[in-house]
Amino acid sequence: TEVGILAKSYIDQGVLIPDDIMTRLMLNELKGLDRYNWLLDGFPRTVAQAEALDKECQIDTVIDLDVPFETIKCRLTARWIHPASGRVYNLEFSPPKVQGIDDITGEPLVQRDDDKPETVTKRLQAYDAQTKPVLEYYREKGLLKSFSGTETNKIWPHIYAFLQTKLPDMSQKDAANPR
């Protein structure tokens, strides 16, 4: 779409997509989904985006995964990929058999620019400045539910139980495969 091409131009420059463009892009994607339950991940990121979303959609729940920045930084900076296949390794919990080498092809792994320590630190600082106010915005509306922890397998059962109260038809298959 026209707005998608505009958004891509910002991404290609390595800068954040402005609120108005991001909001147009997301609201366009949400058109026609009013009969369905849906979950957004990573949007809205600013109060302006949240206010625009609220004007168009009825939001009933906002989930906050409260994970310490140090945990996030360790996880992201330990992530390495095989560019050709998209295989992802994590040096902490899913390392390659040989450090720096893809298990299947033997080709070198790379670290994405946005997973490098200095970039992760900047992203977390941006989150702190821009997104924490969004959490407060939804907390004041009584829509925020926070889950704290450092390990997916410990947080997920609590999130799943909460989601079952909102979406009781979630299947056990869905529970076994968190994304």
Side-chain angles (χ1 to χ4, degrees), residues 7-8 10-17 22 25-26 29 37-46 49-50 61-139 143-167 170-179:
K8 185 177 182 325
Y10 287 94
I11 293 168
D12 290 345
Q13 295 171 50
V15 296
L16 292 175
I17 300 169
M22 191 66 203
L25 187 66
M26 291 303 298
E29 290 297 316
N37 294 308
W38 41 263
L39 177 90
L40 300 176
D41 180 6
F43 182 85
R45 289 186 188 247
T46 67
Q49 290 175 0
T61 302
V62 175
I63 296 174
D64 169 36
L65 301 181
D66 181 22
V67 179
F69 278 3
E70 200 51 45
T71 300
I72 296 168
K73 187 174 179 181
C74 286
R75 287 232 183 116
L76 292 177
T77 58
R79 185 166 61 182
W80 289 75
I81 64 164
H82 178 248
S85 68
R87 275 186 290 283
V88 178
Y89 297 89
N90 187 291
L91 302 180
E92 300 290 320
F93 55 84
S94 179
K97 294 173 187 167
V98 176
Q99 187 169 350
I101 303 296
D102 180 58
D103 289 349
I104 296 171
T105 66
E107 296 171 344
L109 300 175
V110 299
Q111 188 173 44
R112 294 179 357 186
D113 286 342
D114 59 346
D115 288 341
K116 292 182 178 172
E118 59 277 3
T119 306
V120 171
T121 298
K122 285 181 188 174
R123 287 170 56 199
L124 291 172
Q125 289 169 342
Y127 170 87
D128 204 37
Q130 292 183 349
T131 307
K132 276 198 174 178
V134 174
L135 298 178
E136 188 55 38
Y137 172 83
Y138 285 117
R139 182 177 288 114
L143 300 176
L144 186 69
K145 177 71 174 167
S146 291
F147 297 91
S148 299
T150 59
E151 298 176 41
T152 302
N153 62 346
K154 292 183 179 175
I155 297 174
W156 174 245
H158 300 286
I159 297 168
Y160 181 75
F162 173 73
L163 287 174
Q164 279 193 307
T165 68
K166 298 288 183 179
L167 306 166
M170 285 179 53
S171 72
Q172 288 298 334
K173 179 182 167 206
D174 295 334
N177 298 308
R179 294 176 192 222

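Side chains are part of it too, since the values below use all heavy atoms of this structure and drop only hydrogens, waters and symmetry mates.
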Could you go through H82 and E107, starting from their C-alpha distance and side-chain angles, then the distance that decides it, and tell me whether this counts as side chain to side chain contact (heavy atoms under 4.5 Å, CB included)? CA-CA 8 Å; H82 178 248; E107 296 171 344; 2.6 Å; yes
Taken to the nearest 0.5 Å, the spacing of T131 OG1 from Q49 CD works out to 8.5 Å
T150 and P68 have their tightest heavy-atom pair at CG2-CD, 3.8 Å
- Task: List the steps, then state whether side chain to side chain contact (heavy atoms under 4.5 Å, CB included) holds for F69 with D128.
- Result: CA-CA 10 Å; F69 278 3; D128 204 37; 4.1 Å; yes
One should read off an interatomic distance between I81 CD1 and L109 CG, to the nearest 0.5 angstrom, of 8.5 Å
Looking only at heavy atoms, the pair that brings Q130 and V134 closest together is O-CG2, 3.8 Å
(Q) Test salt bridge (Lys or Arg N to Asp or Glu O under 4.0 Å) on K73 and E70; report intermediate values, then the result. (A) CA-CA 5 Å; K73 187 174 179 181; E70 200 51 45; 5.3 Å; no
Residue set satisfying side-chain hydrogen bond (donor to acceptor under 3.5 Å, both in side chains) with D113, at least two apart, ordered chain then number -> K116
Here the gap from L163 atom CG to W156 atom CH2, rounded to the nearest 0.5 Å, amounts to 5.5 Å
d(Y138 OH, I63 CD1) to nearest 0.5 Å is 13.0 Å
* **L65 and I159: CA distance, side-chain angles, deciding distance, side chain to side chain contact (heavy atoms under 4.5 Å, CB included) verdict** => CA-CA 9 Å; L65 301 181; I159 297 168; 3.3 Å; yes
TODO: Give the intermediate values and the outcome of salt bridge (Lys or Arg N to Asp or Glu O under 4.0 Å) for residues R79 and D115.
DONE: CA-CA 7 Å; R79 185 166 61 182; D115 288 341; 2.7 Å; yes
Notebook entry, point to check: Given side chains that start at C-beta, do those of R87 and T105 come closer than 4.5 Å, heavy atoms only?
Noted result: yes
If we only count heavy atoms from C-beta on, is the W38 to L40 side-chain gap below 4.5 Å?
-> yes
Minimal heavy-atom distance between V110 and W80, with the atoms involved, is C-CE3, 3.2 Å
Could you tell me if the side chain of S146 sits less than 4.5 Å from the side chain of L144, heavy atoms only? yes
Practice item. Answer yes or no: does atom CD of E118 have more than 12 heavy-atom neighbours from other residues, nucleotides or ligands under 6.0 Å? Key: yes
- Task: Assess whether atom CZ of R45 is packed by more than 12 heavy atoms of other residues, nucleotides or ligands within 6.0 Å.
- Result: no
On a heavy-atom basis, the closest approach of I72 and V67 is CD1-O, 3.6 Å
Within 45° cone of F147 ring axis and under 6.0 Å: K145 NZ or CZ: yes
Practice task
Measure the shortest side-chain to side-chain distance between I104 and S85 over non-hydrogen atoms and say whether it is less than 4.5 angstrom.
Solution key: no
Q. Is a side-chain N or O of Q111 found less than 3.5 angstrom from the main chain of T77, in a donor-acceptor match?
A. yes
Heavy-atom closest pair (S148 atom, D66 atom, distance to 0.1 Å) is OG-OD2, 3.0 Å
Verify whether one side chain among D102 and Y89 offers a donor that lies under 3.5 Å from an acceptor in the other. yes
Heavy-atom nearest pair, L91 first then P96, reads CD2-CD, 4.1 Å
So CG of L76 and CZ of R123: to nearest 0.5 Å the spacing works out to 5.5 Å
Distance col, row D64:CG vs E136:CD, nearest 0.5 angstrom, shows 11.0 Å
